[in-house]
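Quick note: numbers below take in every heavy atom, side chains included, and nothing from hydrogens, waters or symmetry partners.
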Amino acid sequence: MEEQKPWSAVYRENYMLMDRIRNRVFGESGITSAQMGVMIVLDMSHKPRLTMKELEKWMCLAQSTVAGLVARLEQKGFVECGFDSDDKRIKWVKRTDSGVRLCEHTRREMHRLDEEFLKDLTEEERELFVSLLFKVRASLEMQDTRT
């Protein structure tokens, strides 16, 4: 009998498959799922703009990684950057009009993909699955604050 994989390995495999599918879908818009992550954070923040430091914190990514993602999005016209008028060390990022439209389109696509990913689950199974994901996240957040 084959040894059962740890749940974290199965979760990672699922994440990688979802990421590959999302990259294919987002690729139609000319961006990667990592770049879309920046757009989603900007959209979800409900602020007109975020500083690079805020983006790094929200995304749990290194400064150099976020800077590269933002630079590529800026080249594509989805975001614009500037510096704080009082402190030139503070760089901010905001969505352009085309970035806002991209987020609206992506929100619909992500909802469609989420439905597709969970299509074989009953409504009760979906509710339980999501509930369990939130419980695991809460446990992980507790662990994260301890380290």
Side-chain angles (χ1 to χ4, degrees), residues 4-119 121 125-147:
Q4 186 174 1
K5 290 181 184 179
W7 74 266
S8 57
V10 176
Y11 174 84
R12 173 108 175 114
E13 289 170 355
N14 286 340
Y15 176 82
M16 298 303 290
L17 284 166
M18 289 186 327
D19 198 48
R20 194 164 50 232
I21 292 165
R22 286 187 176 123
N23 272 327
R24 234 182 1 254
V25 171
F26 298 152
E28 296 168 3
S29 299
I31 64 171
T32 65
S33 64
Q35 292 166 354
M36 196 62 233
V38 171
M39 299 302 295
I40 290 167
V41 168
L42 290 169
D43 185 49
M44 288 177 32
S45 75
H46 300 292
K47 291 180 166 182
R49 62 187 188 193
L50 290 177
T51 67
M52 291 291 282
K53 286 283 183 210
E54 289 172 317
L55 259 179
E56 294 161 22
K57 185 177 177 184
W58 274 59
M59 298 185 74
C60 301
L61 293 173
Q63 184 274 332
S64 58
T65 303
V66 173
L69 293 169
V70 167
R72 286 186 287 287
L73 287 167
E74 189 174 25
Q75 289 171 349
K76 295 172 184 181
F78 294 122
V79 300
E80 62 184 38
C81 300
F83 291 94
D84 187 272
S85 57
D86 297 327
D87 187 344
K88 298 296 182 198
R89 296 171 298 175
I90 299 174
K91 185 176 183 178
W92 52 260
V93 182
K94 73 175 191 174
R95 296 176 299 161
T96 61
D97 289 342
S98 65
V100 170
R101 286 190 301 275
L102 174 68
C103 286
E104 290 166 356
H105 168 74
T106 300
R107 199 176 302 113
R108 288 189 302 273
E109 281 300 299
M110 288 184 70
H111 178 72
R112 184 186 65 76
L113 286 174
D114 284 350
E115 288 298 313
E116 185 68 23
F117 295 156
L118 301 179
K119 72 179 179 189
L121 300 181
E125 289 170 331
R126 285 179 186 211
E127 289 175 16
L128 178 60
F129 177 70
V130 171
S131 172
L132 292 172
L133 283 176
F134 278 110
K135 278 187 170 184
V136 169
R137 186 179 80 182
S139 294
L140 291 170
E141 286 173 345
M142 290 293 291
Q143 289 293 317
D144 189 43
T145 60
R146 292 182 199 155
T147 56

Student: Once side chain to side chain contact (heavy atoms under 4.5 Å, CB included) is applied, do any residues pair with Glu127, and if so which ones, sequence neighbours excluded?
Tutor: Glu123
Student: If you take all heavy atoms of Ser98 and Gly77, which pair is closest and at what distance?
Tutor: OG-O, 2.8 Å
Student: Which pair of heavy atoms, one from Arg126 and one from Leu121, lies closest together, and at what distance?
Tutor: NE-O, 3.7 Å
Student: Check Cys81 against Val70 and note the closest heavy-atom contact, atom names and distance.
Tutor: SG-CG1, 3.4 Å
Student: Using a strict cut-off of less than 4.0 Å between a Lys/Arg side-chain nitrogen and an Asp/Glu carboxylate oxygen, indicate whether Arg101 and Glu104 qualify as a salt bridge.
Tutor: no
Student: Quick one, Val79 and Lys94 - any side-chain contact, counting heavy atoms below 4.5 Å?
Tutor: no
Student: Give every donor-acceptor pair under 3.5 Å between a side-chain atom in residues 52-65 and any protein atom, sequence neighbours left out.
Tutor:
from	atom 1	to	atom 2	distance (Å)
Glu54	OE1	Thr51	N	2.7
Glu54	OE1	Thr51	OG1	3.4
Glu54	OE2	Lys47	NZ	2.9

Student: Which residues pass the side chain to side chain donor-acceptor pair (under 3.5 Å) test with Asp87, sequence neighbours left out?
Tutor: Arg89
Student: So, taking the atom named CG in Leu73 and the one named CD in Glu80, what distance separates them when rounded to the nearest 0.5 Å?
Tutor: 13.0 Å
Student: Under the side chain to side chain donor-acceptor pair (under 3.5 Å) rule, collect the residues that match up with Glu116, sequence neighbours excluded.
Tutor: Lys119
Student: At what distance, to the nearest 0.5 angstrom, does CZ of Phe117 lie from CZ of Arg112?
Tutor: 8.5 Å
Student: Roughly how far, to the nearest 0.5 Å, is CZ of Phe26 from CD1 of Ile31?
Tutor: 6.5 Å
Student: Please determine whether a side-chain nitrogen of the Lys or Arg among Asp114 and Arg108 lies less than 4.0 Å from a carboxylate oxygen of the Asp or Glu.
Tutor: no
Student: Quick check for you: to the nearest 0.5 Å, what is the distance between Leu128 atom CG and Lys135 atom NZ?
Tutor: 9.0 Å
Student: With a 3.5 Å distance limit and no angle check, can you tell me whether Lys76 reaches the backbone of Gly30 through a side-chain donor-acceptor pair?
Tutor: yes
Student: Could you tell me the separation between the CG atom of Leu69 and the CE atom of Met39, rounded to the nearest 0.5 Å?
Tutor: 11.5 Å
Student: Please find the pair of heavy atoms, one from Asp43 and one from Cys103, that lie closest to each other, and give the distance.
Tutor: CB-SG, 3.9 Å
Student: Hey, could you give me the OG/CG distance between Ser29 and Leu102, rounded to the nearest 0.5 Å?
Tutor: 5.0 Å
Student: Can you find a heavy atom in the side chain of Leu118 that is under 4.5 Å from one in the side chain of Phe129?
Tutor: yes
Student: Name every donor-acceptor pair, under 3.5 Å, that has one atom in a side chain of residues 7-21 and the other anywhere in the protein, sequence neighbours excluded.
Tutor:
from	atom 1	to	atom 2	distance (Å)
Glu13	OE1	Lys5	NZ	3.2
Glu13	OE2	Lys5	NZ	2.5
Asp19	OD1	Ser33	OG	2.5

Student: Sequence neighbours excluded, which residues qualify as side chain to side chain contact (heavy atoms under 4.5 Å, CB included) partners of Ile40?
Tutor: Met36, Met44, Met110
